[in-house]
Every structure is written in C-alpha cells, then in structure tokens.
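As the structure is a computational prediction, the values presented were derived from the model and not from experiment. These numbers come from the heavy atoms of this one structure, side chains and all, not from hydrogens, waters or symmetry mates. Residue numbering restarts at 1 for every chain, and letters A, B, ... go by the order of the sequence lines.
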There are 2 protein chains.
Amino acid sequence: MSTEDEPTTPRRFAPPSAAGPEQETGATFRPRFGADGLLTAIAVDDATGEILMLAHMDETALAATIDTGQVHYFSRSRGRLWKKGETSGQVQTVRAILVDCDQDALILRVGVGGDGGACHTGARSCFFRALAADGTLAPVEPAEG
Amino acid sequence: MSTEDEPTTPRRFAPPSAAGPEQETGATFRPRFGADGLLTAIAVDDATGEILMLAHMDETALAATIDTGQVHYFSRSRGRLWKKGETSGQVQTVRAILVDCDQDALILRVGVGGDGGACHTGARSCFFRALAADGTLAPVEPAEG
C-alpha cells in the first residue's frame, strides 16, 4: 500500500523564487498564489482573442485544469472548486496557458463549449459594458478578432 | 473657504448593489473593490488587442485614471499609488474602460507610450512565457492582432 496516492492538497508546483530573474524570466513554472491562496486567470477565446472572463484559481484548481485540459476555477463566492461549465455547458478547453512575469496571473487560451459564451448573464463575454463619458455604463460591441 | 476641495479619499463611485441585476446588467458604474480595497485591471493594447499586463487599482487609482486619462494602479509591492510609466515612459493612455458583470474587474484598452511595451523585464507584454507540455515555461510568439 502506498500513501502517495491522491494527496488532498497537491504540492506539485515549485515554490516562487525570491530571486527576481529566476521568477520573472526563468523556465521553471513557479505559480505565485497570494495570501488568499489564489492567483488570477484571464480566459481568452483562442479563436478570436476576445477576453471572456476573469476568475481565480487555487493550487487544486490549477492542477485540475492542467490534468484534465478543462478549466477549473476556485469560486470565491461558493468557497469551492468550480469546473467552468459544469452546469451551463460552457466548458473551457485549454489551448494554451501563459504566465506573467511574477507568475501571479495566467492567460488561459480556451475553446468554449455549449453556446460559446462565458457569462452567466447570457452575454458572450463578462466584459459587455463600457464606461461612458458621463460615468454610466453602456453596452459594448460584441466580439472583436 | 470650502472644505469640499480635494478630499483625500474620493467617494465618487456608487457602492456595489446587493441586487444582482442592478450590479450585473445595470447602467450605473458600481466598482466592487475587494476586502483589500482593490479591483483587478487588465491592460490591453487598443491597437492590437494584445493583453499587456494585469495589475490592481484602489479607489484613488481608478479615480486618477478616469480624471487624467492616464492609467494609475495601486502597487501592492510598494503600497502606494503608481502612475504607469512614471519612470519607464511606458505611459498608458485610456481609450476605453470595460467592466465585467460583477464589476470587480476592468479591461483598460490603452495606447502605450515610450517603447510601446508594458513589462519591466523588457518584454512587450508581461505574458511572454507559456506552459509547455513538460511543465516548463517557454517563450511565446510576440503580439497577435
């Protein structure tokens, strides 16, 4: 019998480095989770480049995303792992994962299932309003390439 | 004499609404700052659609951005207001501000000054590495349209 199977808290990622060059330009993936255990993820439609949504991942969500190829987030409002599309069908399939210089933010380039959208309001992108000159919000034009 | 001039802490934004539809599909800008007083901002090159960087704003930074038309963030590492480009020349001029459904994240569509980049490493975008199949990070191709 092994005690190595399925640890509840995966520790599969290298820790952040205090050395700027190693963290910021190195070849080792060292995701920097914040004090709240989360990093930020931007989901982008791989076909169009459109930003669909912004959400957060803890270590478990990031590991699940890499292992399954389908995007998992950590729902801050529900306090639990959240497979995107589990109820809506708007599953996000990973095409590429980009990391920023200090490795506390990711871009997820995804293919989108279901109706192709990402927002629970029915909008394709969660960013469907723009700040107008008068300080109010107005609808923006849909998808740009 | 007036005591209304230049309040240190601007209170110019409407508070978040507990009513989902008002917050998520309404026309009133109700930025939702987190428990840490911050919301997340994604800077995008307005000319190419490329994601340049991700950073944070407190209420003061957001107000300064709107008032000056040049992007200000809150530097978490330095604990202070940070006008982007104040030392690098990589000033970001606001072309549009988009807000997401729950109003805790913004897209800033910007024109970029200086050398046209955004990252202190010298890369144009902070997202210059991608996660490879072997778990390491590899350079990504530059700007896409």
Any chain of hydrophobic side-chain contacts (each under 4.5 Å) joining [X] to [Y]?
X	Y	answer
B:L131	A:F33	yes
A:V140	B:V44	yes
B:M57	B:W82	yes
A:L38	A:I66	no
B:V94	B:L108	yes

*asked:* Quick check: do A:R30 and B:L137 have side-chain heavy atoms less than 4.5 Å from each other?
replied: no

Contacting moiety of [X], where chain A heavy atoms sit under 4.5 Å:
X	result
B:D36	neither
B:I42	side chain
B:L106	backbone
B:A138	neither
B:T25	both
B:T136	both

*asked:* As an exercise: rank B:G26, B:C119, B:S125, B:G20 by heavy-atom pairs under 4.5 Å with chain A and give me the winner.
replied: B:G26

*asked:* Using only atom types and a distance under 3.5 Å, with no angle test, would you say the side chain of B:R129 pairs donor to acceptor with the backbone of A:F29?
replied: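 Not at all, since once roles are kept as given, no pair shorter than 3.5 Å links the two residues.
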
*Are any of the side-chain nitrogens in B:R76 or A:D102 under 4.0 Å away from the carboxylate oxygens of its partner?*
no

_Using 0.5 Å steps for rounding, measure from the CG atom of B:L39 to the CG atom of A:L54._
10.5 Å

*asked:* Measuring from atom SG of B:C126 to atom CD of A:E24, what distance do you get when rounded to the nearest 0.5 angstrom?
replied: 9.0 Å

*Which one of B:I107, B:L98, B:D100 satisfies the side chain to side chain contact (heavy atoms under 4.5 Å, CB included) criterion with A:I51?*
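The residue from B:I107, B:L98, B:D100 that satisfies side chain to side chain contact (heavy atoms under 4.5 Å, CB included) with A:I51 turns out to be B:I107.
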
*asked:* I need the residue from A:A27, A:A130, A:G135, A:A96 with the largest number of non-hydrogen atom pairs under 4.5 Å to chain B.
replied: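 Maximum pair count with chain B is reached by A:A27.
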
*Between B:C101 and A:T121, what is the shortest heavy-atom contact and its length?*
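Closest approach of B:C101 to A:T121: CB-CG2, 4.1 Å.
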
*Work out which heavy atom in B:A105 is nearest to a heavy atom in A:F127; give both atom names and the distance.*
O-CE2, 3.6 Å

